[in-house]
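Single-structure report; data block below.
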There are 2 protein chains.
Amino acid sequence: MRLGRAGRGVAGHSRRSRRRPAPATVAPVSDAPAPPTARGDRTRQLILDTALRMFRERGYAATTMRAVAREAGVAVGNAYYYFPSKEHLVQHFYADLQERLRAAAAPALAAETAFAPRLRAVLHAGIDTTAPYHDFAGTFFKTAAAPTSPLNPFSPESAGPRETAVGLFRDVLDGAAVKPDPELRADLPELLWLAYLGVVLYWVHDRSPGQRRTRTLIDGAVPLIDRLVGLSRLRVLRPVTREVTALIRALRA
Amino acid sequence: MRLGRAGRGVAGHSRRSRRRPAPATVAPVSDAPAPPTARGDRTRQLILDTALRMFRERGYAATTMRAVAREAGVAVGNAYYYFPSKEHLVQHFYADLQERLRAAAAPALAAETAFAPRLRAVLHAGIDTTAPYHDFAGTFFKTAAAPTSPLNPFSPESAGPRETAVGLFRDVLDGAAVKPDPELRADLPELLWLAYLGVVLYWVHDRSPGQRRTRTLIDGAVPLIDRLVGLSRLRVLRPVTREVTALIRALRA
DNA sequence: CCTCTTTTCTGAACGCGTTCAACTAAGCGT
DNA sequence: ACGCTTAGTTGAACGCGTTCAGAAAAGAGG
């Protein structure tokens, strides 16, 4: 019989202290070609690869921690030795996707010079890349929305992917011949990323075949954003623009 | 030993067929004052009241279905006879809150006639009413974000509360001396409700003491919205306004 | 070779939301 | 009274994510 402190099941938030150190990118000094990676690194990678493959093939719900462990040939506790939670495993899946989004958007960004087509290409690339995982996204979106989740786009753990994404929209602007209000200019990449989150929000709930409605949203919203950005220099809109920039600066954590 | 089809645990989406009919609001014809409610109705109410009280007192996570059943003096299966899932129980909590929001906003709506203060009062009332449940909201927000959840604000099950909320913003406009673009006017209540969802989204993630930042957001965003609504009739903005209304009409499911 | 520490790994146990076969209580026609 | 149908109720069982005491493997020092 178990006598220690009772487990907390699904509600657990605290993280345990007995934890493997952050994965070293390089091996310690050693000239023998022998094991290219330490044992732990190999196990960690095995578990991660197995999980990502299963996420792709079976979706979120069917990829249980037990199934991942069984498929990888380890005990379930071993998976938790390397990854604090299932969500952390999903985070790697998410990072993978973002990498592919960047790659998918690259050709269009190299070819186009106007703002609207550049923005449109990136947004459509986002949908193209994630389309195969629409159902997956629906299930996992809920955990990403929780304020305490590491998957939350605003969380510290997501800082890396977030800055990658914001950087993508910075590229969209940098390569474009567009002249927004200079005060707005600095915050615009982040605002475009927020708009992108809005598109994702709509996409996740979009049940139309092939998520056609989301394409409609993008094609309708891009010219609007384009026009608003151009209009931001207009005298009547100046105070509005100024208020917007002042507000988002006050709200940034 | 159990031999039937294995349970599906937390991933369950299908709803069973053996289900109690929708609760009749009135009792069948009967002149005896006898039992004011049928046995089933009393049990249902007992479970619901117990659950709502526990949500208030202990929060979402600590209010387990077993605990609710124990506190109400019934078996856990009995709770599931009346409510398909824990989320459906939460939905009643949510409806309760919305009722209180409406009541909290009423005095200000009766006193004010200008658009901005009316909108501001409703948004602040929303924060005031839900403030005691900020932690609760954080935990339960994640399930509300799932596209398949009945708690999702866009779901058919939420149609009632949603229309109540949109109606509140219709009141805000109806009683105000404001003249937006007539094409925009019809969609404006829904747009204001969307803005309110944005405020809630920010509020849920707002960790500042007393959620002061959310107050800042409201006080900053309301004059902006006010100005934009007033500006929507401006000639330069007409095409933009028209595009906005056309787009949101195309996107409505 | 033997000890001692650190890293890696194991699997039973926990509490959760949910399901379901079986039981009891109530209503109803005869 | 009696069977018969329906409404209401029970609680053990399921699979899930997660935890943890301890076993096994790998190094380190002699």
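Values reported hereafter were calculated over all heavy atoms of this structure, with side chains retained and with hydrogens, waters and symmetry mates removed. Throughout, protein chains are lettered first and strands after them, A, B, ... in sequence-line order, and every chain is numbered starting at 1.
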(message) Can you tell me how far apart CG (Leu89(B)) and OH (Tyr80(B)) are? Round to the nearest 0.5 Å.
(response) 9.0 Å
(request) Verify the distance criterion only: is there a donor paired with an acceptor across the side chains of Ser149(A) and Glu87(A) at less than 3.5 Å? (result) yes
(message) Can you see if the side chain of Thr64(B) gets near the phosphate of dG15(C) - specifically, an N or O under 4.0 Å from OP1 or OP2?
(response) no
(request) To the nearest Å, give me how far apart CZ (Phe83(A)) and C1' (dT19(D)) are. (result) 18 Å
(request) Mind checking Val76(A) for me? I need base, sugar-phosphate or nothing, with any heavy atom below 4.0 Å counting as a touch. (result) base
(message) Would you say Arg44(A) places a side-chain N or O within less than 4.0 Å of OP1 or OP2 belonging to dT8(C)?
(response) no
(message) When you measure from the side-chain N and O atoms of Ser85(A) to the phosphate of dG17(D), is any distance below 4.0 Å, counting only OP1 and OP2?
(response) no
(request) Between Gly73(B) and Tyr60(A), just flag the one whose closest nucleotide in DNA chain D comes earlier from the 5' side. (result) Gly73(B)
(request) Take the protein atom CE of Met65(B) and the nucleotide atom P of dA12(D), then report the distance between them rounded to whole Å. (result) 18 Å
(request) Check whether the side chain of Arg66(A) and the base of dG15(D) form a donor-acceptor pair under 3.5 Å. (result) no
(request) Anything under 30° is parallel, anything over 60° is perpendicular, the rest tilted; go ahead and classify His134(A) against Trp203(A). (result) perpendicular
(request) Write down the distance between CD (Gln45(B)) and C1' (dG8(D)), rounded to a whole number of angstrom. (result) 17 Å
(request) Find the distance Glu87(B):CD to dC16(C):P and express it as a whole number of Å. (result) 17 Å
(message) Is Tyr82(A) close enough to dC9(C) that one of its side-chain N or O atoms is under 4.0 Å from OP1 or OP2 there?
(response) yes
(message) Determine whether the aromatic ring centres of residues Phe154(B) and His205(A) are separated by less than 6.0 angstrom.
(response) yes
(request) Look at the side chain of Ala75(B) and decide which nucleotide, out of dA26(D), dT19(D), dG11(D), has an atom nearest to it. (result) dG11(D)
(request) Measure centre to centre between the rings of Tyr133(B) and Phe55(B), then say whether the value is under 6.0 Å. (result) no
(request) Could you state the atom-to-atom distance from CZ of Arg39(B) to P of dA26(C) in whole Å? (result) 6 Å
(message) Starting the side chain at C-beta, find the nucleotide from dT10(C), dT9(D), dT18(D) nearest to Asn78(A).
(response) dT10(C)
(message) In whole Å, I'd like the distance from the CG atom of Leu46(B) to the P atom of dT9(D).
(response) 10 Å
(request) May I have the distance from Tyr80(A) (atom OH) to dA12(C) (atom P), rounded to whole angstrom? (result) 17 Å
(message) From CZ of Arg42(B) over to P of dA25(C), roughly how many Å is that when rounded to an integer?
(response) 15 Å
(message) Taking 4.0 Å as the cut-off, does a side-chain nitrogen or oxygen of Tyr81(A) come that near to OP1 or OP2 on dC9(C)?
(response) no
